[in-house]
Amino acid sequence: MGMYSLFLEQERNRSEKLLHNIMPKSIADQLKKDSKLISMDNPDISVLFADIVSFTVMSEKLSAEKIVGFLDEMFSRFDDLTQKYGIEKIKTIGDSYMVVAGLTTEEKEHAAILFEFGKELIKISSNYNDHKGNPITLRVGINSGPAVSGVIGKSKFSFDIWGDTINTAARLESYGSLSRIHMSIKTFKLE
């Protein structure tokens, strides 16, 4: 009976860890307690998008194993930084990496935190090379403001965040300069 209890405890811990990998701990805890709709108004957050420049060309030149290995290694280093800065990774979309600061805490310095985080992302990416041997470059966009977040779906459910603040951060990234952080005026004033 003791071994069975130990096994159950280990499996419960493993399940908890997996759940906390796909959503903020406070949201996961709420989801475990109650299966009702989970939604949050987030009046003041900062959002960062980082995207690898010329990734499509690089992915056409390298094997699937090399591309996935490269993304896994670099994004795992980015994930480690989220722990250091106390921010929430929302998702990756292909070669794009999205994080939010100020989501589940009353952190007033969320814009400054993401600015520092963005600088480290650029530094980390420059340690990797593309298919031609050139350092990897990122475009980074940051915006601040209100958003709505929540858990959606029944099959492969996910925690996500929506609103103009997020859309603007994505646009800032896509129009940004290489290896620079492109931020909105609102974020700049907070930073």
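In this text, all values refer to a predicted model and were calculated from it rather than measured experimentally.
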Participant: Distance-only check: which donor-acceptor pairs under 3.5 Å involve side-chain atoms of residues 92-100, not counting sequence neighbours?
Facilitator:
| residue | atom | partner | partner atom | Å |
| --- | --- | --- | --- | --- |
| D95 | OD2 | I52 | N | 3.3 |
| Y97 | OH | D79 | N | 3.3 |
| Y97 | OH | D79 | OD1 | 2.5 |

Participant: Name all residues meeting the side chain to side chain contact (heavy atoms under 4.5 Å, CB included) criterion together with S59; count only those two or more places apart in sequence or in a different chain, and write none if there are none.
Facilitator: F55, I67
Participant: So do the side chains of L172 and T187 get within less than 4.5 Å of each other, counting heavy atoms only?
Facilitator: no
Participant: When you compare the side chain of S125 with that of M74, does any pair of heavy atoms fall below 4.5 Å?
Facilitator: yes
Participant: Less than 4.5 Å apart, any side-chain heavy atom of I87 and any of T82?
Facilitator: yes
Participant: Taking side chain to side chain contact (heavy atoms under 4.5 Å, CB included) as the test, write out the residues that go with K119, two or more places apart.
Facilitator: F115, E116, I181
Participant: Might you point out which heavy atoms bring G102 and I45 nearest each other, and give the distance in Å?
Facilitator: O-CG2, 3.6 Å
Participant: So, do N134 and N129 sit near enough that their side-chain heavy atoms are less than 4.5 Å apart?
Facilitator: no
Participant: Do the side chains of V68 and F78 join up, straight or via other hydrophobic residues, at under 4.5 Å, putting them in one cluster?
Facilitator: no
Participant: Do D130 and S54 come within less than 4.5 Å of each other through their side chains, counting heavy atoms only?
Facilitator: no
Participant: As an exercise, state the distance from NZ of K61 to NZ of K132, rounded to the nearest 0.5 Å.
Facilitator: 8.0 Å
Participant: To the nearest 0.5 angstrom, please state how far the CZ atom of R180 sits from the CD1 atom of I122.
Facilitator: 7.5 Å
Participant: Can you measure from CD (E65) to CG (D72) and round to the nearest 0.5 angstrom?
Facilitator: 11.5 Å
Participant: Can you name the nearest heavy-atom pair linking A169 to I142, along with the distance?
Facilitator: CB-C, 4.4 Å
Participant: Does R139 reach the side chain of L178, with side-chain heavy atoms less than 4.5 Å apart?
Facilitator: yes
Participant: Once rounded to the nearest 0.5 Å, what's the spacing between atom OG of S76 and atom CG of L71?
Facilitator: 10.0 Å
Participant: Let's go through I166 and I90 carefully: what are the C-alpha distance in whole Å and the side-chain angles of both, what is the deciding distance for side-chain contact (heavy atoms from CB on, under 4.5 Å) to 0.1 Å, and is it a yes or a no?
Facilitator: CA-CA 11 Å; I166 286 69; I90 302 301; over 6 Å; no
Participant: Do M58 and I136 come close enough that some side-chain heavy atom pair is under 4.5 Å?
Facilitator: yes
Participant: Is there side-chain contact between Y85 and E120, with heavy atoms separated by less than 4.5 Å?
Facilitator: yes
Participant: Quick check against the 3.5 Å criterion: does S144 have a side-chain atom that pairs as donor or acceptor with the backbone of K186?
Facilitator: no
Participant: Set out, in order, the CA-CA distance, both residues' side-chain angles and the distance that settles side-chain contact (heavy atoms from CB on, under 4.5 Å) for R171 and N143, then state yes or no.
Facilitator: CA-CA 10 Å; R171 279 190 231 100; N143 189 34; over 6 Å; no
Participant: Kindly say whether A101 contributes a backbone atom to a donor-acceptor pair with the side chain of S46 at under 3.5 angstrom?
Facilitator: no
Participant: Show the nearest heavy-atom pair for residues F49 and A170, with the distance to one decimal.
Facilitator: CD1-N, 3.5 Å
Participant: Please assess R77 against N127 for the test side-chain contact (heavy atoms from CB on, under 4.5 Å), listing each intermediate value before the final yes or no.
Facilitator: CA-CA 11 Å; R77 290 184 64 192; N127 291 315; 4.3 Å; yes
Participant: Could you tell me whether the side chain of T168 and the main chain of T165 form a donor-acceptor pair under 3.5 Å?
Facilitator: no
Participant: Considering non-hydrogen atoms only, spot the tightest contact between V53 and L138 and give its length.
Facilitator: CG2-C, 4.0 Å
